[in-house]
Amino acid sequence: MAARVALLSSRPGATLVPGLIDAHTHLIGQGTHFGYETLGVSTPMETLWGARNAKVTLEAGFTTVRNVGAGGYSDVALRDAINQGLVPGPRMLVSGPPLGITGGHCDDNLLPFERHAASEGAADGIDGVQHKTREVIKYGADVVKICATGGVLSKGDDPQASQYTLEEMKAIVADAHRLGRKVAAHAHGAQGILWATEAGVDSIEHGSYIDDAAIVAMKQHGTYLVPTMYLQTWMLENAQSIGLPAMYAGKMRQVTEVARKNISHAFASGVKVAFGTDAAVYPHGLNAHEFNVYVQMGMTPIQSIQTATVNAADLLGWSDRIGTLDLGKFADIVAVSGDPTKDVTTLEHPVFVMKGGVVYRNETKQ
Ligand SMILES: [Zn+2]
């Protein structure tokens with residue numbers, strides 16, 4: 001509270017908001033590197049990049065993130081290093097390697113058969129997914145990430161095709177929930193969104209082809225949608241200059257053509273929404289550009305801000321500690337110049353960031 005008073009007196013016209021929450025990031029890794037380029041980067045190097053990305057993300061006003069997918073449990077190490085004060089960064093909930101079918105979006109499909117490459121999260125069948133769910137929890141996952149459908153930035157699969165079966169996802173959710181972990185499902189195609197929802201996952205990530213049947217089911221189950229929309233805007237502008245491989249660029253175009261309309265319809269239909277960015281696909285630190293896309297898609301500015309505060313806190317199961325400025329919660333506070341309830345783009349340039357009472361950015365001193 002002392003910080004609040006001091007800040008207000010030193011910077012009239014600033015607005016305080018709760019520390020922001022991004023429910024879909026990938027802090028680990030070099031970022032904006034795709035396809036075969038990624039094969040030459042070691043896990044230790046990716047982890048060092050993660051430390052750099054964590055600092056950038058925190059300074060952008062994001063005091064909590066959910067990291068949904070990383071190799072080698074590097075995300076567990078980064079989370080623990082941040083908690084131990086070794087490196088600056090947001091509070092992290094991490095998944096470890098994402099679970100997915102053999103050959104699916106969450107497997108490694110770049111190398112030919114004789115290389116025998118498979119991702120750490122590849123798991124098939126009821127027994128296989130049960131074992132993998134228990135394994136990621138054993139090694140430190142706070143949340144279980146699964147791939148329910150194909151994806152864009154993966155070789156040889158179709159974003160609209162379902163990958164895990166309803167039965168496999170039910171088995172994952174049963175184990176994860178029994179062990180106190182939520183489940184986040186990457187899902188583009190409508191059938192996969194519906195099955196993941198029926199299986200009881202806690203959030204649908206991306207949701208590009210969401211249809212009315214999926215919307216009805218998500219509202220019934222209270223499932224959150226975590227759209228990742230700004231990445232599409234950024235990709236349209238930058239796919240060529242970053243050299244996005246052709247095997248991904250075509251899928252990116254197809255998904256981008258329909259996602260905004262489908263997800264705007266989901267917003268208007270009253271699906272619960274939590275803020276997510278997929279930062280890593282575009283440069284870390286631009287996370288807050290997501291707010292204005294939600295406004296362009298029909299949310300009011302305050303609804304857009306709530307996706308990254310109260311809503312995301314609820315999805316993470318951390319409503320008792322983050323998401324609002326309240327006594328008894330962490331002192332995670334961001335200040336922006338002007339009024340974000342009128343103009344959410346003010347959130348793109350925070351002038352003050354405090355996490356747990358420690359100041360990480362302060363441009364309020366004149
Ligand atoms: Zn992602």
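Only this structure's heavy atoms are used, side chains among them; waters, hydrogens and symmetry mates stay out. All ligand and atom numbering here is 1-based and tracks the order in the structure.
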Self-check item: Under-4.0 Å salt bridge between E205 and R66
Solution: yes
Self-check item: Parallel, tilted or perpendicular, as decided by the 30° and 60° cut-offs, for the rings of H188 and H206
Solution: parallel
Quiz item: So which N/O/S atom does H24 have closest to the Zn ion (ligand 1)?
Solution: NE2
Exercise. State the atom name: nearest N, O or S atom of D278 to the Zn ion (ligand 1).
Key: OD1
Quiz item: Taking both backbone and side chain into account, is any N, O or S atom of H26 nearer than 2.8 Å to the Zn ion (ligand 1)?
Solution: yes
Quiz item: Can you tell me if H186 has an N, O or S atom under 2.8 Å away from the Zn ion (ligand 1)?
Solution: no
Self-check item: L153 and F34: CA distance, side-chain angles, deciding distance, side chain to side chain contact (heavy atoms under 4.5 Å, CB included) verdict
Solution: CA-CA 8 Å; L153 300 174; F34 304 100; 3.6 Å; yes
Self-check item: Side-chain H-bond candidate by donor/acceptor type, D314 with Y224, under 3.5 Å
Solution: yes
